[in-house]
Amino acid sequence: MRFAIFGDIHANLHALHAVMADAQENACDRFVCMGDIVGYNAYPRECVEFVRSLDCPAVQGNHDEQVCLSRTSGDLNPLAEEAIDWTRRQLGPEEIEWLRGLRLQRQVLDFTIVHATLDTPAGWKYVTTELDAEASLGYQRTPLCFIGHTHVPKAYIREGRVRAEEFDVLHVKKNEKYLVNVGSVGQPRDGDWRAAYCIYDTDSSEIYLRRIPYDVDGARQAVLDAGLPRKLADRLAKGK
Ligand code: ZN
């Protein structure tokens with residue numbers, strides 16, 4: 001089986017369409033959504049509807065959680081909050097209910113998915129160091145776990161000690177434990193503007209990091225047309 005594992009879409013429909021086209025070209029027959037479907041960009045309703053139509057395993061992200069609250073909790077930065085307030089007005093009760101019903105973590109076949117970390121899934125901690133990864137790996141009951149949240153693709157591999165690795169292809173070996181950040185479809189923050197997601201091939205035990213060019217100008221213009229902050233449009237072109 002070939003899984004397309006994608007998250008942090010953040011209402012960027014242009015990027016989501018490009019990722020789905022790439023997944024199809026690469027013969028992906030399963031889909032897994034890592035959460036943060038909404039927030040920041042201009043197409044929250046369309047992105048929720050698209051992911052729902054895939055009928056695939058999905059977990060909740062912190063922006064999905066925030067949009068389900070009647071008002072913002074103050075946990076997000078002001079720019080994100082402005083986008084969440086706007087997003088809340090775009091979604092109908094059915095979309096909100098669906099987002100609210102998403103679980104924080106799930107097991108899919110032999111791997112686990114969680115948006116942030118396994119040690120405190122509802123705490124929305126970021127895995128940016130080997131130490132952060134170690135904390136999550138301590139709660140990981142499967143050899144492989146996928147995460148998102150930082151918008152920076154990276155693998156943390158535990159073989160005795162934990163090491164961090166940037167990767168294009170990762171060969172999953174037995175007797176090692178893997179915590180793999182799949183990057184962000186709709187708002188990459190590693191300096192590369194192209195959409196990111198992973199393909200996991202269960203037959204070859206390989207994980208491929210995909211970077212997909214998309215109509216970033218279209219996505220930026222949509223942010224401006226929606227009346228969302230200009231900074232949110234500009235960061236798309238920078239991948240930050
Ligand atoms: Zn996110």
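We count ligands from 1, going down the list as the structure has it; atoms in each ligand are counted the same way.
- If you count the protein N, O or S atoms nearer to the Zn ion (ligand 1) than 2.8 Å, you get 4.
- Applying the ring-ring contact (aromatic ring centres under 6.0 Å, His included) definition to pairs two or more places apart or across chains, those involving residues 204-227 are Trp193-Tyr214.
- Residues Phe50 and Tyr43 keep their aromatic ring centres 6.0 Å or farther apart.
- Within 6.0 Å of CG on Asp203 lie more than 12 heavy atoms contributed by other residues, nucleotides or ligands.
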Donor-acceptor contacts, no H, no angles, side chain residues 224-240, under 3.5 Å, sequence neighbours left out:
{"from": "Asp225", "atom 1": "OD1", "to": "Gln221", "atom 2": "NE2", "distance (Å)": "3.0"}
{"from": "Asp234", "atom 1": "OD1", "to": "Arg220", "atom 2": "NH2", "distance (Å)": "3.3"}
{"from": "Arg235", "atom 1": "NE", "to": "Lys240", "atom 2": "O", "distance (Å)": "2.8"}

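- When ring centroids are compared, Tyr156 and Tyr178 stay outside the 6.0 Å threshold.
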Using residues 27-36 as the side-chain source, report each donor-acceptor pair under 3.5 Å to any protein atom, sequence neighbours left out, with the distance given to one decimal.
{"from": "Asp29", "atom 1": "OD1", "to": "Arg2", "atom 2": "N", "distance (Å)": "2.9"}
{"from": "Asp36", "atom 1": "OD1", "to": "Asn62", "atom 2": "N", "distance (Å)": "3.1"}
{"from": "Asp36", "atom 1": "OD1", "to": "His63", "atom 2": "N", "distance (Å)": "2.8"}
{"from": "Asp36", "atom 1": "OD2", "to": "His10", "atom 2": "NE2", "distance (Å)": "3.2"}
{"from": "Asp36", "atom 1": "OD2", "to": "His115", "atom 2": "NE2", "distance (Å)": "3.2"}

